[in-house]
**Student:** 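The structure that follows is given in the form of structure tokens.
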Amino acid sequence: MGTLRVAAVQASYVLMDREATIGRVAELTAAAAREGARLVVFPEVFVPGTPLWIDTQPVWDGDEDWFALLAASAVVLGDPACARLASIAAAHQVWLLVGVDERERHGGTPARVPPSSKPAGTARRTAPARRTAPRR
Amino acid sequence: MEPVKVAAVQAAPVLLDRDATVSKVVALAEKAAADGARLVAFPEAFVPGYPDWVWRTRPWDAHAAALYARLLDQAVVAGSPATDALAEAARRLGIWLSAGVSERDEDGSTLYNSLLHFAPDGTLAARHRKLMPTGGERLVWGMGDGSTLDVIDTGFGRLGGLICWENYMPLARAALYARGIDIYLAPTWDNSDVWVPTLRHIGKEGRTYVVGVTSCLRATDLPADLPGRDDLYGGGEDWLSRGNTAIIGPDGAVLAGPLTGEEGILYAEIDAAAARASRQQFDPAGHYSRSDVLHLSVNATPRRAVSFSHPADAGQPGPFPPGPAAPAAG
């Protein structure tokens, strides 16, 4: 089977800006591909970013507007954002794994997903942690 | 099946003091039993009190950890002196006693939001663990499994219940209707105006009596040494929960309550035979269910994270450290 060069990307996203963040994915994937990577992996919920506000205030203390922004910025399998990610993988001939906030086409619940460039490889986290991990 | 009187107790717990709250439960059950009640119901998480702070703390701040440690320390374990005392009160008073508790397994550190039913024979006869803690509650309670989605026959009707916003889970309600529930307990912290209409809807939908029972709590009821008390509550004396207790009939009528802004006990006469007879018109798990079109599947298998298996002939694991090996045969 031979060896494979892989890339782990540690980078910042453009919080709650799906299209700009996918632009970052495109730039960073191109850079990794130039270095010879055939598999490029991005962090958890990289698109459109971690919902940082959840640890900054009591639960349900009026964050519906933030949640609405998250739901609106989430990725739906088969939507233009997903197609754009797939085209990045195709353009550079790499396997691309990107964590996204994903929702069903008609759903309102985002889930954390690391989809590959092939939607058949989608796997959802089965149990989100109680909020995010503490930063200490 | 004779009609009986039931009681819904709206009271403040002795917050984070399990034994004092158990004593309060026993005293209030004595009063309700003296008034003729055969079933006495207490609110959600009443022992050792609903952890209201989950709606005020940030998820990972220092107060949250200290408060959780207190709640864990004061939680109820099935088969412990706390449940023995409640079971003994049920036996002595000849009543069914149902109470919400923060519960944990004897060897566990995860709490569950549970509803315990003690029978007049002095046993802890049934338990329901809330399937889905709501919002901030997920910071202190785990999720129950489907094995406790059941009812128990009291002799004057089948008794069960769902906790707080479980009552907004239509499939959970459907499961209890399929169990044939006649006396549906709905312990809660929900103080909203919409809660009583919810109880009335469930009564008419399930053709069941609904005993909605809510804690009431003032800031003055908070213990002085509550971690983060001043930060979280600002020293005010306002109601944290005004209560919302009500008893509903199987036609959706309000039989008692709602009671708000005070502690008290509501009573109502219930007749399970009448509830069942009313299902001639509407039986959500029977002739009105259209089970050929709409069908619910419930996973009622107890959920365990780890299963330990032993060789069939070994039975339970032996003592540790093991004693000297038996001499080889022969």
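The chains referred to below are lettered A, B, ... by the order of the sequence lines, with proteins before strands, and numbering in each begins at 1.
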**Student:** I need the minimum non-hydrogen distance between A:Pro58 and B:Arg58, along with the two atoms involved.
**Tutor:**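 So the two residues come closest at N-CG, 4.0 Å.
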**Student:** More than 12 non-hydrogen atoms from neighbouring residues, nucleotides or ligands closer than 6.0 Å to CH2 on B:Trp55, yes or no?
**Tutor:**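 It does: B:Trp55 CH2 has more than 12 such atoms within range.
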**Student:** Please say whether more than 12 non-hydrogen atoms of neighbouring residues, nucleotides or ligands are located less than 6.0 Å from CZ in A:Arg38.
**Tutor:**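 No - once you tally the heavy atoms of other residues, nucleotides and ligands closer than 6.0 Å, there are 12 at most.
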**Student:** Rounded at 0.5 Å granularity, tell me how far CD1 in A:Ile54 sits from CH2 in B:Trp60.
**Tutor:**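 Between A:Ile54 CD1 and B:Trp60 CH2, I get 10.0 Å after rounding to 0.5 Å.
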**Student:** Could you give the distance from OG1 (B:Thr57) to CG (A:Asp61), rounded to the nearest 0.5 Å?
**Tutor:**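 Answer for the OG1-CG pair, B:Thr57 versus A:Asp61, is 10.5 Å.
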**Student:** Step through the shown structure and confirm whether more than 12 heavy atoms of other residues, nucleotides or ligands are within 6.0 Å of CG on B:Asp193.
**Tutor:**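 Atom CG in B:Asp193 is not packed in, count stays at 12 or less.
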**Student:** Carefully, step by step, assess B:Val54 and A:Val59 under the rule side chain to side chain contact (heavy atoms under 4.5 Å, CB included).
**Tutor:** CA-CA 8 Å; B:Val54 300; A:Val59 173; over 6 Å; no
**Student:** Carefully, step by step, assess B:Thr134 and A:Trp60 under the rule side chain to side chain contact (heavy atoms under 4.5 Å, CB included).
**Tutor:** CA-CA 10 Å; B:Thr134 306; A:Trp60 282 6; 3.3 Å; yes
